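The block underneath contains the structure these notes are about, expressed in structure tokens.
Both backbone and side-chain heavy atoms feed into the values below; hydrogens, waters and symmetry mates do not. Nothing here was measured: the structure is a model prediction, and the numbers come from that model. Count residues from 1 along the sequence.
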Amino acid sequence: MKKNVVLILGIVFTAAGLIPILIGVTFFLSHYNFISNAARTTAVVTDIKSYRDFDGDKHYEVVIKYSVEGEEYYEIIAHSPLMYVGREITVYYDPNKPRHVKTMGFVFDDLFLVGIGLVFFIIGISFTASQFKKFRLRKRLLETGRTVYADISEITLNTSYTVNSKHPYVITCKWKDPDTGLFYFFTSDNIWFDPEPIIHEKGITSLPVYIDPENPKNYFVSVKDIEMFVANV
């Protein structure tokens, strides 16, 4: 599973973003439809009440007063830092049910929820797309790439990547192009076990690398010869 952790994260982030987007859009359409058909009036903040929930967290309620056809109504709306006693705000109410009242704050909250969802969704799509691109490149290289054997030069921890407080290993290989005399360095994908004991024990000195003949920067280092000695990788 760790091999596909980036793909899994991408799917999780995409789903985590899609859910608030759908909820936010649904609420936005509902609130926008209400406001589009509602009557508008001016309300005054008469009180801001505070209370604590079962966890001891403090919350606030805003009491507003407004008039519809000469009759006064008192209702409670969501609190915001901009609220204060005496402030006048615009409210929207159902002409048939004047106590059913909303503010534009509902719409802004919905858009904020959509925005948060979009951030997660974009991150998730980016992760997922990059992995599928990587899988397609690997498949193409395995089918049509040039196979070379590169000498193992270094085994290191990839400290830029962490899962469950653990860093994966990567193997760096060096290969000299016999046609040009140029040296190329190739780095394997993340390996979630220490390959060094197996490499030493089995006397593995080089690994097959599948490279794009047109562009050696596109490559895939196969560690199958190492993984075959590890059960349940």
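- Nearest heavy-atom pair across Lys166 and Trp192 is O-CZ3, 3.6 Å.
- Val107 places a side-chain heavy atom less than 4.5 Å from the side chain of Phe28.
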> After noting the C-alpha distance and the side-chain angles of Asp212 and Arg140, does the key distance pass the salt bridge (charged side-chain N to carboxylate O under 4.0 Å, His left out) rule?
Replying inline: CA-CA 9 Å; Asp212 184 341; Arg140 179 172 65 83; 3.6 Å; yes
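- Taking the six-membered ring for Trp and thresholds of 30 and 60 degrees, Phe220 and Tyr210 have nearly parallel ring planes, at less than 30 degrees apart.
- Taking 4.5 Å as the limit, every side-chain heavy atom of Trp175 sits out of range of all side-chain heavy atoms of Asp151.
- Put simply, CE on Met83 and CD1 on Ile77 are 4.0 Å apart, with the number rounded to the nearest 0.5 Å.
- Here the straight-line distance linking atom CZ of Phe13 with atom CD1 of Ile123 works out to 5.5 Å at 0.5 Å rounding.
- Remark: Leu113 CG to Leu118 CG distance equals 10.0 Å, nearest 0.5 Å.
- Side chains of Thr42 and Val91 form no contact here, defined as non-hydrogen atoms less than 4.5 Å apart.
- No hydrogens or angles considered: a donor-acceptor pair under 3.5 Å links the side chains of Thr162 and His167.
- The line from OG of Ser188 to CD1 of Ile226 is 7.5 Å long, rounded to the nearest 0.5 Å.
- Within the 3.5 Å criterion, the main-chain N or O of Asp57 finds a donor-acceptor partner in the side chain of Asp53.
- Between the side chain of Ser130 and the backbone N or O of Phe127 there is at least one donor-acceptor pair closer than 3.5 Å.
- Note: Ile125 CD1 to Thr14 OG1 = 4.0 Å, rounded to the nearest 0.5 Å.
- For the pair Ile204/Ile152, a side-chain contact is recorded, criterion being any heavy-atom separation below 4.5 Å from C-beta on.
- When the side chains of ILVMFWY residues are joined at heavy-atom separations under 4.5 Å, either directly or via intervening members, Leu142 and Val148 end up in two distinct hydrophobic clusters.
- Contact annotation: the side chain of Lys176 never approaches that of Leu182 to less than 4.5 Å [non-hydrogen atoms, C-beta and beyond].
- Considering only heavy atoms from C-beta on, Ile191 stays 4.5 Å or farther from Pro168 through its side chain.
- Contact detail for Phe120 and Gly17: the closest heavy-atom pair is CB-CA, 3.6 Å.
- Linking ILVMFWY side-chain heavy atoms closer than 4.5 Å, directly or via other members, places Leu157 and Ile155 in a single hydrophobic cluster.
- Partners of Asp47 according to the side-chain hydrogen bond (donor to acceptor under 3.5 Å, both in side chains) rule, which considers only residues two or more places apart in sequence or in another chain, do not exist here.
- Leu141 approaches Ile211 most closely through the heavy-atom pair CD2-C, 3.8 Å.
- Counting only distance, with no hydrogens or angles, the side chain of Tyr219 and the backbone of Gly145 share no donor-acceptor pair below 3.5 Å.
- Between Ala150 and Cys173, the closest heavy-atom pair is CB-CB, 3.4 Å.
- The closest donor-acceptor contact from the side chain of Ser30 to the backbone of Thr26 lies at 3.5 Å or more, if one exists at all.
- Connection of Ile21 to Tyr32 is established within a shared hydrophobic cluster, with ILVMFWY side chains joined at heavy-atom distances below 4.5 Å, either directly or through further cluster members.
- Of all heavy-atom pairs between Arg87 and Ile89, the closest is NE-CG2, 3.7 Å.
- Applying the salt bridge (charged side-chain N to carboxylate O under 4.0 Å, His left out) definition to pairs two or more places apart or across chains, those involving residues 108-137 are Lys134-Asp189.
- Tyr184 and Phe186 have parallel rings, their planes meeting at less than 30° on a 0 to 90° scale where 60° marks the start of perpendicular.
- In this structure, OG1 in Thr103 is found 15.5 Å from OH in Tyr93, a value given to the nearest 0.5 Å.
- When the side chains of ILVMFWY residues are joined at heavy-atom separations under 4.5 Å, either directly or via intervening members, Ile8 and Leu18 end up in two distinct hydrophobic clusters.
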>> For a side chain to side chain contact (heavy atoms under 4.5 Å, CB included) check, start with the C-alpha distance between Asn190 and Tyr161, then their side-chain angles and the critical distance, and finish with the verdict.
In response: CA-CA 9 Å; Asn190 291 323; Tyr161 202 86; 3.7 Å; yes
>> For a side chain to side chain contact (heavy atoms under 4.5 Å, CB included) check, start with the C-alpha distance between Leu207 and Ile171, then their side-chain angles and the critical distance, and finish with the verdict.
In response: CA-CA 9 Å; Leu207 293 174; Ile171 300 175; 4.0 Å; yes
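- The backbone N or O of Tyr66 sits nowhere less than 3.5 Å from a side-chain atom of Tyr74 that would complete a donor-acceptor pair.
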>> As a quick check of understanding, evaluate side chain to side chain contact (heavy atoms under 4.5 Å, CB included) for Tyr51 and Lys49, giving each step before the final call.
In response: CA-CA 7 Å; Tyr51 67 93; Lys49 300 179 179 180; 6.0 Å; no
>> As a quick check of understanding, evaluate side chain to side chain contact (heavy atoms under 4.5 Å, CB included) for His31 and Lys102, giving each step before the final call.
In response: CA-CA 8 Å; His31 293 149; Lys102 295 183 182 295; 3.7 Å; yes
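- The side-chain heavy atoms of Asp194 and Pro197, taken from C-beta on, include a pair separated by under 4.5 Å.
- Under the 4.5 Å side-chain heavy-atom criterion for Ile, Leu, Val, Met, Phe, Trp and Tyr, Val209 and Phe185 are members of distinct hydrophobic clusters.
- Using a 4.5 Å heavy-atom cutoff, the side chains of Ile199 and Glu201 are not in contact.
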